*Asks:* 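Below is one structure. I have some questions about it.
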4 protein chains.
Amino acid sequence: MTGAARGERLPEWQVATWFNTDTAPTLAGLRGKVVVVEAFQMLCPGCVSHGLPQAQRVRVAFAPERVAVIGLHSVFEHHAAMTPVALAAFLHEYRIDFPVAVDAHDGDDPRPATFRAWHLAGTPSLLVLDAEGRLRLRAFGQVDDLRLGALLGGLLAEAGASGPGQAGGGPGQGAAPAAGSDCSEMACPRPSD
Amino acid sequence: MTGAARGERLPEWQVATWFNTDTAPTLAGLRGKVVVVEAFQMLCPGCVSHGLPQAQRVRVAFAPERVAVIGLHSVFEHHAAMTPVALAAFLHEYRIDFPVAVDAHDGDDPRPATFRAWHLAGTPSLLVLDAEGRLRLRAFGQVDDLRLGALLGGLLAEAGASGPGQAGGGPGQGAAPAAGSDCSEMACPRPSD
Amino acid sequence: MTGAARGERLPEWQVATWFNTDTAPTLAGLRGKVVVVEAFQMLCPGCVSHGLPQAQRVRVAFAPERVAVIGLHSVFEHHAAMTPVALAAFLHEYRIDFPVAVDAHDGDDPRPATFRAWHLAGTPSLLVLDAEGRLRLRAFGQVDDLRLGALLGGLLAEAGASGPGQAGGGPGQGAAPAAGSDCSEMACPRPSD
Amino acid sequence: MTGAARGERLPEWQVATWFNTDTAPTLAGLRGKVVVVEAFQMLCPGCVSHGLPQAQRVRVAFAPERVAVIGLHSVFEHHAAMTPVALAAFLHEYRIDFPVAVDAHDGDDPRPATFRAWHLAGTPSLLVLDAEGRLRLRAFGQVDDLRLGALLGGLLAEAGASGPGQAGGGPGQGAAPAAGSDCSEMACPRPSD
C-alpha cells in the first residue's frame, strides 16, 4: 500500500468502536467540512498535555458545520492497558466530547490499521483534511495554535470561495466569536466613545 | 471625527518616533500585506505577559512579505514613566524587534492621537487589517492564538486568491514552517515507513 | 473505626502490589524520615497535571535519606480501567520512579482499604508524616509548592534538632541544591567581584 | 570592603527612597523575623515574570510577623528609564504591595551601593536572612518554590525553637493556611466520614 501524499485523499479509517457519537462518521460523509483528526493514545503524556487539549480548543473555536474534530485512538503499545473500557473512563474524566474512533487491529501487527494506512509516525499526530477531503497537514508532535489556526482559516476561506451556495463566505466566518467578546466573525464593532 | 467601522479604512497612525525601523511605515505603504497592530503600554501587565509575546509569535510564524507586525506605544497614563527613553530600554530588554511607533500626543488630551482616532478601548488592543487596508479585527484584551491564526489564514487566502500575479497562492502559504519540522507550507511529506 | 487525628499515627497502608521497589516499605520502617504520600488515580486529571508532578519534584529536591516519597494508587471508580497492568504502563509512560503501592480492596466497598482507613476525601490527596510517624498534613486537592516546602523544611529542622546523632542538622540541609547552582545546602557562596 | 560570607551579617541597605511603607525599615529593626529580599530592576524580564511574583507569593503564604518581604530596586543599567517615578507606576500597575527600597547610587559607579556591598551578581537576586540577621541564601536567577519554601520553613522552625517566649512554635506555624482550605498551620483536620 502506498501512503497518501500531501494533497491526496486518505483511505477511510478502520474503526473497532466509536465513542461520543451515535453514528459512525466516514471521511466521505464529512466531505464539505474541514476535518481535524487527533491521533492519540490515552497513556501518551504529550497527547494528554498538548494534543487533546488543542483538539478540544479547535472544537470550541470553530463552527461544527464547518470544522469537524475527530479523535483516533491508535494504540500501538501497552494494548492491555488501553482497552476500550479504559478509554471510556479516560474520555469521561478528561471531558472529551468530540467523536472518538478506536483504530482497529488486524492480524498480528501491534500497530492498528488506520495508523499504518495513514503512515503515522507516532502519537500525538495531527491531520487536517480540506473540504474536498485532501490531506493538507500530517504532523507528528506539537503544532502551535497560531499555525494551526492559520491553516484552518485558509482552508475555510478556500471552501467558502469555491463552495456552492456559500455566497458571502469570507475569511474567519468559520471561527466562532470568543466568549465574552462583542465581536462577530472575529471582527469587532467600533467601541462607543 | 468618526471612527472606522469594521471593514472601513483606518486613518493613518500619528507617530512621534519610530523604533526598530529606518523608515517610517505607513498604512498606505503596507497595502498588499495583512497588517497586525499591537497597541500597548510598556507598564501594562497584560501587554507584557500576553499581547506582546503574541505579536512576536505572529512575526515569527508568518512570512514578513505577507504579514506586517507593528507595535503602537499608546500611552494614556503614567506619561512620565513611559517615555521614549524608557521604551527604548524596554524594547531592548524584552527583545522586541518589530517596528514600534510612539503614538503622538496633541493638545492636552492624555490619550494619544492614534488611540483616539482608532477608538481604542485600552491596552492591549489588537488590530488586524486585510491586504486592502480594511479593518477586520479590533479587540481589547486577550485574543487566543487559534482564532487569531484562523483570521490571518483566511485573510492570506483571500489576498492570495484576489491579488494580481499571485497565482497559486493557496491557504497557509503565508505561514512559515515550524522550526525543526520537515513540513513546508504547513503540510507535511509522508513519513518513510 | 476512627480516623487518625492530626498528630496521630496512621494505620499501616494495605497494599495489593508494589511498583518501583523490590521491598515492601512500611510506615514503621520509614520512621526517622519525613514521609510524603501522594494518593492518586491514574485517570484523575488533577493527579496527572498537579499531584504527581509535585511528588516528583519533592523526590528530586530532597535527599532520599531524609524525605521518602510514596505513591498510593487508591482506585475508587473506573476499577476495570485502572488495573495494575494499566498502572504499570502509566508509570512507565509518565516516568514516575518513586515506589507506588496499589491500595488493596476488601469486601464489596468500591473504596480501597487504605483510602478508607486514612479518611481520604478523594484524589489527589497529599499526606505528610513527620519523622516520628505523626500525621502533619492531609490535604485534598492542590497544595502549592511554597507551603509544602515550608512544611517539609520545618519537619526536617525538627527532626534534625531532636534526632540522635544528627548534630549540626540545620534548616534546609535536607534540600538538595538546585541543579546547575553553586549553592550548597540552599545557601550560596559569595560571588567573586 | 569584603562581602558577607554565608552566615555572616550583611551591611545595612543604602536607600534613596522607600515605597509602600511609611517607615524606613532596617535590617537591625527586622531582627527576630526571617527576611526575604528580592533585588530587581523593573525592566528585567526575569524579575517581572519570576522573581517578583515569587516574592509576592511569599508575602501571601507566610505570616508577616514571622517573615518580612522587602523589594530592592537595584538599577545598574538603563538608569534614565528606571527612575523612581517610573518605579512608582510599575509598582502600581503590577500591584506590588510589600515595601520596596530604591538602592542608592554614590559616586560614578553605575551599580548602586547596596548591590555592590552585598556582592550581587545581577537581577533578580534573592536573599534570605534568618531571624538572627545572618545570610542564609543569596541566589542569582531562579529559585524554585519548593526549595525556597523548605529553607523558610527550616528557618522558622529554628527561630521558633530558640526564640524567647515562643513556646510551642513548631514547624510550619509561620505559613498561613491556604485560601479556601480548612487546614490550620498546614495540617488538616480529619475529614468527616
Side-chain angles (χ1 to χ4, degrees), chain A residues 2-8 54 57-58 60-62 116 118-122 127-128 130 135-158 160-161 170-178 180-181 183-193, chain B residues 2-8 54 57-58 60-62 116 118-121 127-128 130 135-161 170-178 180-181 183-193:
Chain A
T2 61
R6 173 187 159 227
E8 295 192 11
Q54 183 177 60
R57 288 194 299 273
V58 171
V60 171
F62 293 88
R116 282 182 287 133
W118 290 4
H119 297 266
L120 302 185
L127 299 99
V128 177
D130 64 25
L135 182 63
R136 302 298 281 265
L137 174 70
R138 175 172 47 202
F140 170 52
Q142 297 203 0
V143 175
D144 71 65
D145 275 15
L146 201 54
R147 295 170 203 268
L148 176 58
L151 174 65
L152 296 176
L155 295 180
L156 285 169
E158 188 182 67
Q173 80 281 39
S181 154
C183 302
S184 65
E185 304 180 19
M186 277 299 287
C188 303
R190 180 181 69 205
S192 56
D193 270 31
Chain B
T2 60
R6 172 187 159 227
E8 295 192 12
Q54 183 178 59
R57 288 195 297 275
V58 171
V60 171
F62 293 88
R116 282 182 287 135
W118 290 5
H119 296 266
L120 301 185
L127 299 99
V128 176
D130 64 24
L135 183 63
R136 300 300 279 267
L137 174 70
R138 176 174 45 203
F140 170 52
Q142 296 202 3
V143 175
D144 71 64
D145 275 15
L146 201 55
R147 294 171 204 268
L148 177 58
L151 175 64
L152 296 176
L155 296 180
L156 285 169
E158 187 183 70
Q173 81 281 37
S181 153
C183 303
S184 65
E185 305 180 21
M186 276 300 288
C188 304
R190 182 181 66 207
S192 56
D193 273 30

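Letters A, B, ... are given to chains in the order of the sequence lines, protein chains preceding strands, and every chain is numbered from 1. All of these numbers come straight from a predicted model, not from anything done at the bench.
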*Asks:* Looking at side-chain heavy atoms only, is the closest gap between A:Asp144 and B:Asp145 below 4.5 Å?
*Replies:*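 They are not in contact (no side-chain heavy atoms under 4.5 Å apart), so the answer is no.
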
*Asks:* Contact part of A:Val58 toward chain B, heavy-atom cut-off under 4.5 Å: side chain, backbone, both or neither?
*Replies:*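 Both backbone and side chain of A:Val58 come within 4.5 Å of chain B.
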
*Asks:* Side-chain contact, heavy-atom cut-off 4.5 Å: A:Val60 with B:Arg147?
*Replies:*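 Of all side-chain heavy-atom pairs linking B:Arg147 with A:Val60, at least one is under 4.5 Å.
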
*Asks:* Rounded to the nearest 0.5 Å, what separation is found between the CG atom of B:Leu152 and the CG atom of A:Leu146?
*Replies:*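 Between B:Leu152 CG and A:Leu146 CG, I get 7.0 Å after rounding to 0.5 Å.
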
